Each structure stands twice: as C-alpha cells, then as structure tokens.
There are 6 protein chains.
Amino acid sequence: MWCDKVMKILLINPNISESVTALIEAEAKRAALETTQVFTDTVQTGVAYIETPAEAVVAAYAAFDLLAQCHTQYDGVVIAAFGDPGVAQAKEMLPIPVLGLTEAALASAFLLGGRFAIVGISERIGYWYQEMIANLGMTRRFVGYSGLGQAFADVGTVRDEARAVLLQMCLKRVEEGADSIILAGAPLAGLARDIAGDVPVPLIDGVGSAVRMLEAMVRGGFGPRKIGPMSPPPAKAHKNLSPSLAGLIGRGQG
Amino acid sequence: MWCDKVMKILLINPNISESVTALIEAEAKRAALETTQVFTDTVQTGVAYIETPAEAVVAAYAAFDLLAQCHTQYDGVVIAAFGDPGVAQAKEMLPIPVLGLTEAALASAFLLGGRFAIVGISERIGYWYQEMIANLGMTRRFVGYSGLGQAFADVGTVRDEARAVLLQMCLKRVEEGADSIILAGAPLAGLARDIAGDVPVPLIDGVGSAVRMLEAMVRGGFGPRKIGPMSPPPAKAHKNLSPSLAGLIGRGQG
Amino acid sequence: MWCDKVMKILLINPNISESVTALIEAEAKRAALETTQVFTDTVQTGVAYIETPAEAVVAAYAAFDLLAQCHTQYDGVVIAAFGDPGVAQAKEMLPIPVLGLTEAALASAFLLGGRFAIVGISERIGYWYQEMIANLGMTRRFVGYSGLGQAFADVGTVRDEARAVLLQMCLKRVEEGADSIILAGAPLAGLARDIAGDVPVPLIDGVGSAVRMLEAMVRGGFGPRKIGPMSPPPAKAHKNLSPSLAGLIGRGQG
Amino acid sequence: MWCDKVMKILLINPNISESVTALIEAEAKRAALETTQVFTDTVQTGVAYIETPAEAVVAAYAAFDLLAQCHTQYDGVVIAAFGDPGVAQAKEMLPIPVLGLTEAALASAFLLGGRFAIVGISERIGYWYQEMIANLGMTRRFVGYSGLGQAFADVGTVRDEARAVLLQMCLKRVEEGADSIILAGAPLAGLARDIAGDVPVPLIDGVGSAVRMLEAMVRGGFGPRKIGPMSPPPAKAHKNLSPSLAGLIGRGQG
Amino acid sequence: MWCDKVMKILLINPNISESVTALIEAEAKRAALETTQVFTDTVQTGVAYIETPAEAVVAAYAAFDLLAQCHTQYDGVVIAAFGDPGVAQAKEMLPIPVLGLTEAALASAFLLGGRFAIVGISERIGYWYQEMIANLGMTRRFVGYSGLGQAFADVGTVRDEARAVLLQMCLKRVEEGADSIILAGAPLAGLARDIAGDVPVPLIDGVGSAVRMLEAMVRGGFGPRKIGPMSPPPAKAHKNLSPSLAGLIGRGQG
Amino acid sequence: MWCDKVMKILLINPNISESVTALIEAEAKRAALETTQVFTDTVQTGVAYIETPAEAVVAAYAAFDLLAQCHTQYDGVVIAAFGDPGVAQAKEMLPIPVLGLTEAALASAFLLGGRFAIVGISERIGYWYQEMIANLGMTRRFVGYSGLGQAFADVGTVRDEARAVLLQMCLKRVEEGADSIILAGAPLAGLARDIAGDVPVPLIDGVGSAVRMLEAMVRGGFGPRKIGPMSPPPAKAHKNLSPSLAGLIGRGQG
C-alpha cells in the first residue's frame, strides 16, 4: 500500500501546443492532492491538436519516446489528450500506472451512474470517440457527442472563445437525457469548474479526473504485470529505435 | 473543487455480521488518505452474508433505511458488499457520492487495462456477478468467476481459513488470461495485500478500491443531479415508510 | 402436466394505491381462463406508484414480505407493476411460477415478432425501462419509450384522463416502425382493449399478458429448481426479518 | 378479448415424417386446454427431419404452401419444428398468430428466469441454434447446446432409443449452470414429461410450450398488423405460385 | 491456387423480372475481369421484386431449384438480390463459392472503413436489412437505411425514374455521417457509377461488389467444407423434391 | 470503373525482417492477377516481428513515414502484418485503397460463411486479436485463437519449423467447430497452400486474401472521401514531422 509519501506524477501533452500544456498544468495542480507533485511535458513532434486517429498514432509514438526517457522518475503518468493516444500500449510497456483522459473521464461517469454525453471542440472527432466508447463497453450509457462546428482561432483559447456555445451544447444533451457531461479535450481543461453552476448535472473534467484517478491507482499499490498480454513486450531484435524506447520494447520479462 | 479539508466517509455493511464490518473498517482505514475520517455501520436487518439477488433486495432496503437517517453527516458513502445492493438506487436518492464495492473494483480493473477475473467465497454467486458485469458493459474483459465450493465455518474468518484455495484460484485465472484479479466480497477485505507477492498480476481489493475511488469522486466536487432519472424521486404519497426514508423517497426536486 | 383443475393465481400490487389494485383485478379477471380463480392484494408499505429504481427496491421488499406470508395458497403469482420489482428475486425464493408485467409483455411482443415500443405514464421512467430491456436482451427490437410529460391528477384515473395523449403517442411510435405497442404500468390496465381499434398494430396489456402467460407457465407443470442460482437461497443466520420472510431466505435446500 | 369459445389450432409438421407428426399430435393434445381443438398436418415435400438451414428453406416453402391453403380454418398455427422454419415470415403473411417451437420454448425459458441449455438429436444443428438464439437476443442466458453424436435408427423412435444419453446430456448441462433445459426437436416431443423426475431443473418441451403460448396469444385477441414490416406483403406481379400462396404474397393491404 | 484460366460465373436473379436480369447482366459484365465469363439466369417462380422475408423464402426455394440443376457448370455463383435470399443456405449445399449482393456490398464497406448507409427502393425493406446487418455483426458501422416512399412504375426503370430522389437520400446520409453508401437492390445496379461524381463518399454497387468479390473468392481456391455445419447436408429420406435438389439435400458427405 | 490496365500495388512489411518481406512477396505474386505489378518494401525502424499493440504503434508510425513518401506511385497498398498496424489510420490519410492482412482475411472468412478460428505464431498475441475481432463486429463467428507456445528460432523460417504443430492446431479448431481457419501473421504466408490438403475446411492466407481483396477494391474505382471522419485530416500546425508525412497530416481538404 501507498505510504502517504509525496507522489510524483507526470502529465504529457502529446500534441505540440505549449499553451494547451499550460491549461493542463493549471487544472492538474488544482485537482491534485497537496502531497502530489505535478509535472508536465510536451512532445516535440506532431500536430497542434489531435483530431483524428492518424494524428493519434503520431502522438502516441512521440509520447512513447518521451516516456521511455523519463518514466523512471515518476510514480504515475497521464497522457493528457482525449482519444487516449498510446495509453493502452504504454500500460503494457511501463511498470507504473498510466492513464488517459478519456478512460479517466469514463470511469468518473461510470461511478456517477446513469448516462453521459461528451462535448468537445471538433465535430469530426465524434465518430472516433463513439468507436472508443463502444470498444470500452460504455455504449449503452452514451447519449452522444457534440462538437464545435465552427473553426476556432487558437486551441489555447477556444475554451474561452466558445464558452457560450459549449454551454448550450451541454444543456441540449441534458435535455436528451445525459446524467453527466464529459468536457472532452485537454484544451477544455478547467471549463467544467467555470460553467458547473449553469448545468443541472455533473460536469466531468478530463484532466481533473485523470489526476484524481491516477492518485487513486498509485495509492492502490498495484505492481507491474509479470505475465500475459499486459506485461512488457518480450525481447526481440530491433532497428533504429531510440535507446530508451529500445529498452522498453526490446527488454524481456526475465 | 474540494479544499483539502477533512473528508468524512461512511462504509455501511449491508449484512448483519459485525465481524465483517471489522474487516471492512480495518481495510478502509489502511486505504484512506490521512485527511479522511472513516466511519462504519452495520445494518440491523438481514442475513449473515449476501449470496443471492433476493438477499440483496433485503440488504438494499436495510441500507436505505440506515442511509436515510444518517447520510447528511457524511461527504460520501460506500455500501460495502459485492453485488452493490441498493447502490444504483441510492445514487438517485442521495445528494452525495455513493459507491459500491463491485463498481469500484471494476473501475480499478478498467483503468489497469486488459482482462480481469473475480475470485470470491461462494460458487452460487457467480451467475449474479456475471449478469452484473454484463449489465455494466464489462463482459468483454471478463475472464470468469471462481468461488469456494466447500462450506466455510465463519464469514468473518473465511479469508484466513481458505487462503490457500483462494490463492490457487487466482493463479488458475492468471493462466487463463486474467491481467488483474478482483477479490470479491467484503469478507475478503485485506486479502489482496496478503497474497499480492504470490500472484504475478495486480490484485484488486473491493474495499480499498471503493475508499480511494470515493475520495476521488468527493474531491471531484460533482454536485447533485437536479434533473433526469438520476435526480431525487419526485414527491408522492407514501405509507408506512420510516420518516427518514419517506423524506428521501417522498421529497420533491424543488 | 396440469390437470385442468381450478388454478388459483395472485396478483400483488406492489404500490399502495387501492384504486390501481382495482384496475388490475378487473383486467386480470377479464383475461383469465374460466377455470382460473383470480386474487389480488396490495402492499401496505411504499409509494403511490413506482417511478424509479429506488422506489422499486421499497416495493420489492414489501412484496417479498407479503408473498412470504401467503404464497403457499396459490399456484402462481404476478407482481403487478412494470419494472418488475423483486420479480427475478422472488423466482429464486418461491417454488411456484412468479411473473412480472414487463417480462410478460415482452414475451408477448417477442412472440408477435418485429419491433415494439412502450407507452407509459411517466417520462422519467424511460431510462429505467431501456436498461431493463437491454438487460433482458430485447434492445434490438425496441423502438423507444414514450411517457406522459404532464402531471396527472390521480394514478387511478390517469388512464382515462390522458387517453387522447396516450393514443397519439402510440400512433407516433407506429410511424417510427413499432410493430406492436406495450402499454406500460398497472394504471393503464385495460386501456389496450379500449383503443385497439384506433391503432393499426397490436396493443399489449401488461396485466392481461401476465395472467395468460402465468396460466401457461402453471399449466406447464415446471417444478421448482433444486440446484443452481435460481434455487432457494441456502440457509444462513438472519436478524429482524419477519418470520415468513426468514423462512424463505433462511431455509435450506434439503 | 377472447370469449372462452372453442379454439381451433393447427400444428404443421414441416418435415415429411408421419411418425413425428404423431408424436407432435399426442403431446399437443396433452398440453392443450380442454376447450382447444388440436389439428395436425404434414407437408408432402421435403426431408425426413430438418437438420440444416438449407433443409429449413425447403420446409418453410412447403409449410407456406400448406398454410396458404388452410389457414382460414384456424385461430392460430404452430410450425412444429425447431429452428422455426418460415415462422417469422408466416407471421408477416397470416392474419392469425403463428408460433414456432424454438421461440415458444425460449419464451418459457425467459419466463422461468436464469440460464438455459438445449439438448437435441443432431450435433450438427448446434451452430444453427446458436445463431438463432443470438439473433433473438438470448445469448447471455444460453449455456450451450448438446446433440446426439451417434446416428439413430429412426427419427420417430429416437426419443426412446436415446433416452439414457439424452438424460446424461441434460444432467451435464445442469452442472454447467443451466437453470432450465429445452428438449429440442419435434421428435423429442413428450420426453420432458418422462424424465422430469430425474433432472433437478425444469425441462421445457417445445410442442407443449408452443401450444400453451399459442393459446395465450390467441386469447390475447391481438389483431393483424395493418402497417409496417410485419403487415402482409404489398401486392405485386407473380408467376407460377400456387393460387393460395399467390393470394397471400400477392394480396395488398387494402 | 487459381491458374488465371477463364472463370465462369453465374448470377441468378431470384425474382421473375427479366428487365432486372438485364440490368444485373450489364453491370456484371462491366465489373468482371476480361478473363471472366458472365452468365445470368432468372427464376421462373416468384414475385416481381423481393421486398419482404416471406418473399425471400419463395425466392430462395426457386433459386435452390435452379442452382441444383446447373451449378456444376460454374466456378462460382451470385444470388443477385439484396437480402441474400438462400445465400447462407446455398453455401452449405454447393461445393463452389456462393455470394449474395448484401454480404458482398457489406464486405466492400467493411474494407473501405468507417460507417456506411444503405439507400434502396422500398421503405418497408428497411427493418429487414437492419436485422440482417445486426446478424452479420455490422450494426456499429450502420448509419441507417433510406428507401423510396413513393410507388414506382416499374422495377426495371425505377433506377432512372427516381434518380434525383435517390441522390438526395445519399447526400442526406452523408450529412449524417456515412463514409460510404450502398445502393441496395439489383434494380439499382449501375446507378453508383452514374451518380458517383455527385456524392463526396464512395458509392457501393451490389452487383459490381459481388462480381469482384466472387472472382477474389474463386481465385482463392478455397475447397469445399468436408466437415461441420457448412458442409453438405447429411443424406436422408426425402419426398417430392426435384431430382437435382434431392441430389443436393439428400446427398451424403462420403 | 477500372479499365483492365496494369495495376501497381505495394505491400509494406511494417517490421524490419527482410526474410519475412521475401515470404510476403512470394505469396503476393502467386496470388495476384497477371495484370497486377506487385511491389514490396520493408520499414527501417522497429522490431523483428509485431507481437503487441505497443510494437504495432511503432510499426504504424514507421509505415506512415514510408507510405507518405511513396504512395503516389501505387494504385493500392497493403500493410502486410496481422493486427493491421496503422491500417485504419492510413485509410484516412491516403487517397487510394489501403488494406490490412487481418481485415482482408476476416472479409474472406465472412464471405465463406460460418465460424472461423485463427492460428498464429505467438500465444501472447491472442488477446489483441480477440479485441480486434470484437471491435470489427466478428466475435459471434470467432471460435478462438491458437498460438505457438514454444519459442521459435527465426521468424523467417517458423512456418516450416513448426508446420506439424500448426497443422495440429488447425485440426483441433476444426473439431471445435471452425468452418474456416485464418493462418495469421505474415511469417506464415504461403502455409495455407501447403497444408490445405490435410485440413477439411478452407484455410485463409492473409497475404493472398489481401492481394485479391485489394485488387477487387482498386477495380471498384472507389474515389477518396471528401468529407467526414475518413477524409484526410484537416490542415494544422505541426513540428518535426518528415516533409512527406507533414504533407499528409497537414494537408487540407481543399
């Protein structure tokens, strides 16, 4: 079990926008326990925000490279983007808890009970999220996804620019039966707190959920898997991988 | 958001066994944050342990009556039995977070990733849990349930009596592909810690998971639902309910 | 096999409204075989009508207590409320056939073929029914639920008050593809017969379906389960249960 | 509603074995109400028993032709073979209730609650039944299918020849968790009654279930669908159909 | 493996409209490899087009009779109607590849990825297709079905008559999220090519897909099943079947 | 439509083993039409073979980089590894058909009908494939996965080394009900042809299926998606991507 010592957690922003990393950091610090030290980092390869599964592959690879280098310094890690790029795979490679924003938000919705909707910044992203929710077994509780149709000036400020529209989308989903609403995407970190008073059901912040759930998992003291499909990949020949990543992918179980 | 003040949580044992309540309390205190005050209570109506859905209805009603009387003194509540008797329904009635052992353990398994198995003390209980897991959308990840076939002397000591058998059941489920194992039933509270070293995948304790997840949910600051099927039942005529329960079932939303 | 002797069946109204019991009795008598003796009873603890899962737990417990006292006098039992409070659990405890209105209506819809919709008196109840239908495996055939949005004066007369609106809801569901329509809730008992001429697909009455299906099951001569999760709960210590209920929950299989 | 008048029902054997028709008739008469007149008929085209979906198409067509000629003389019809050849389609064409053995047996299992298994005479038939159960939404309750591996001398006497093996298959399925067992195939009509005393869970006879459920449906007074995919096929040009079948397929809705 | 020799394929029109057979033939020839010889045939029993499952049974039987007579002359067969009447069953009977328009179009949609919609000529047919898609495991990708509400003069010319309406239905489904659109029904054969330029996602022609997929399957050199539920029906007694059909249904596996 | 001109297709091996690329090339050339020109390429970054989802992310990224550089020279592309690393995402980015071995083999199994099993070289890979099959909607047809438990000397020769064991695994799956068997993994390319005579159901080769299905899709003439979640990612800021990949991820739809 966890001995209430100081916990160090890392939130990686797997897209290249430093302004989004700042939003993530601010919300993570608000959400964390006093005894938790929050660190953030930003990948140096990829796109401004992750809107499609193809972009998520690029983000996952960049996150792997970064995590391979630094994971030994932390007690747990969040890959801080919706769509959870590389999250399931990083769980396999790393001996510490790894969480994604989507799965953490879904766990919160699951524990609140009833149905949930998702409100986010991109319309296109809806089908991807729907697939993910289906793959994670949550379809029956899913009321639907609403995304901003209009273009936004800056992913770092869309949260404030589009606040009124986002609030309307929340209220519409409540009318359709949502018992809670997930505000999706790191760029919306913190919005839940701002508009909670105007929405008659709980709002779920991905970053806040991920921090709290990660703390719970780290404190759970779950050791690494030594066997099976979630244990580290068996050692094998490799080529042109960064030394740190080769150390994760290529290492054996012995 | 939650202001790291002291949090008061209640764990109700919905069966009448005080010895099980003691196990719950010990594990809950080990799992909780230093700033969390842990309280426990035991229902005064029902059976020695809950093994069937019919017994769970009796337990749920008893838990409702108890919760109706005292819930205003707490920040969150756990109904501390597997099978989550009355949990979904209490979420509807109470303005504070309510969690069950099963849903909290499932949330832990969900965030660990991969497949899980459940090991518990009663063979009969397997189909009930299987149904519950299906209703909660987790069937695809479920390797199976193993329960003690033999009778046990005392629900308060079965954890120690049957340790060797329970360990073997865990190891068998690992061979079958379980990436984590839930030790089900409040009578097994604490066993996970004891045998973790002998099992090559994470063991999930229901009481510990519920305490940590409840703390996470309370700190999330999710307000009560004011609308929809998870909001308090509309006021209506009633008869022969305890005054406290009448206050919950009969109260309106205004 | 059943020897065309007189059959005694009991319909329990698990809410406290005697006016609803009267509707149930009238419809049950119209539906029953000439050789069937129909009895009804009303619980003395609970609410005026059952609109939420929390209320259903209260109703289930009250129905258990009543059934524990009198079940030996009957050949079969209907718990006469939609949502089937306590029905699955009473099947486990009692050696005679037990049916709920929802499952009986769904069996009728299943045997008619195609898709069905449900029309009822409460909007809020929709999500609960949807969950139930999913858990019972009927989602693919389910067109949707329509409930009265407006308040009604009296649960005993809502059937007549709201007839025009209920008829419109039926017709709308037919347009959406419903091949049959279940009129849900004991308070609507008998409405199907009244408006059948105005709706171009079969209307399914819960009480009528339950009586006919119960007669079919009693005549099937299915004996009690002696083994497995549907057999009576194993004997165990108990506290503060009514003697009759203790006799059901506490009795063994020997 | 049905006015306890005499009801005429027809059971069609869609395979050519008159000995099976005799078994069907005997069991149907034992199961029926005193006020029900039971008729049987046998198709004149097809195979000795229906073991594959291809054979079921042949059986369905033969049953259509026969039903088209005579259905107006009956209040309800059973197509008395497992696999329900042509049943869903005949529901569409005929203005009276049509039932199949499989769907009626499944409705009985559904109302008994818990899980069911199926025991039948052909191993090959298992996958077909599994598909059917999945399509009907009953997979979650399905423990599995067991069929006779060995050849049998005569489809009309297999019930008696293979009784001991069939009983053992039932008992094995009970051990695996079956709460009831369907004895599948018209050639096993009546076996349930013979071996019920040796099996600790209810045995479900397809013919008996179909007769009782058909009586329940006829007494329900459900009128024909006038609209939608379960209403009669729209009139259209046709060629080389028998006049009666042309009357059903070609007739309009007006 | 297939030795690029000439391949002979047969497309059977299982409805009686020769004008539709002509559309099928034209499109099949456009789709086929140069080395493929395309043959068509039309059943002589049945209806003008297949709009309901009952009509599909009639069509399946007629197609069986025709296939039983001539299948030995071909390397592969398409039953060229949506709804795939008799296709699954013919796979069982015949030693050569058999494909249906629906399954071939679904395979194309599956390999294109994302979600698909279906646009066809009959509204009524929608529920049938929806069921089929569910049974084939494609529900999650299915945006919906749109059918012509209005009557059409002639099934052989509806493709041209209703082109504008059909195009509008396609565009509406694209707006709703369809990533590809299946134009359903042999009477629409060739329309995909005509309107492809006006729709911003791929259009899938059933006949074209079936021809190309059949060629791929024939070239795959998959031999007949010698065992299991997809192998030829075991030999058994039969009556009044055409000699060719009796040869298929009655033949053994030896 | 495709004008029987020469078609150029590329098969990318997304792992670094040139010996596997040689197996892929040999089988692809055997499977292709005479008018198809087959090209192969091997990624220069990654592992010797892909056994886990984490390794698949690495492979996907490497495949993207390679495809971004050269895709304009081809009419269609196969990413030639089971598990389909990057396939769904490459469909989104590229204007030409992209196929994976798994989806192509599943499409073949789907068109053969009945149930399939998968036999491959790694036990660990089983859960990953099971998840994939579930996400693709094929679970109901899936008999199970069998993988080599023992270590193998060389991924390029495992096909020949382990032939006897692989054949036994096939035969065992046939006994369990498989109507066809997919031989999974590029290292097994060609094995299907070698052992087809010893297995009584069709064997499906991934590479062969992918080539034939890709030819079918290219000949279908399906244009690129111009709208929706399968259309190219919207243009956005990026950093440190290779110029070619930036051209795909960063390009707009205009």
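Convention: sequence-line order gives letters A, B, ...; per-chain numbering from 1. Just so you know, these numbers come straight off a predicted model, no measurement behind them.
Neither the backbone nor the side chain of C/P97 comes within less than 4.5 Å of any heavy atom of chain D. At a 4.5 Å heavy-atom cutoff, C/L214 makes no contact with chain D through either its backbone or its side chain. Residue contact with chain D, scored on non-hydrogen atoms closer than 4.5 Å, is absent for C/A210. Neither the backbone nor the side chain of C/D84 comes within less than 4.5 Å of any heavy atom of chain D. Both the backbone and the side chain of C/L111 come within contact range of chain D, judged by heavy atoms closer than 4.5 Å.
At a threshold of 4.5 Å between non-hydrogen side-chain atoms, the residues D/R225 and C/L112 count as touching. Residues C/L136 and D/R141 meet the side-chain proximity criterion, which asks for heavy atoms closer than 4.5 Å. For the pair C/S180/D/M230, no side-chain contact is recorded, criterion being any heavy-atom separation below 4.5 Å from C-beta on. Two residues are said to be in side-chain contact when any heavy atoms from C-beta on lie closer than 4.5 Å; D/M213 and C/F110 fail this criterion. With a 4.5 Å cut-off on side-chain heavy atoms, C/F222 and D/V201 do not count as touching.
Listed options D/S209, D/S108, D/G208, D/A196 were ranked by heavy-atom pairs under 4.5 angstrom with chain C; first place goes to D/S108. Ranked by non-hydrogen atom pairs under 4.5 Å with chain C, the options D/G100, D/A107, D/G177, D/A192 are led by D/A107. Listed options D/E175, D/R115, D/M138, D/R140 were ranked by heavy-atom pairs under 4.5 angstrom with chain C; first place goes to D/R140. With respect to chain D, the highest number of heavy-atom pairs below 4.5 Å among C/V87, C/N135, C/L99 belongs to C/N135.
Between D/D179 and C/P229, the shortest heavy-atom contact is OD1-CD, 3.5 Å. What you find for C/P202 and D/G223 is that their closest heavy atoms are CG-O, 3.4 Å.
A salt bridge links C/R219 to D/E215: one of the charged nitrogens lies within less than 4.0 Å of a carboxylate oxygen.
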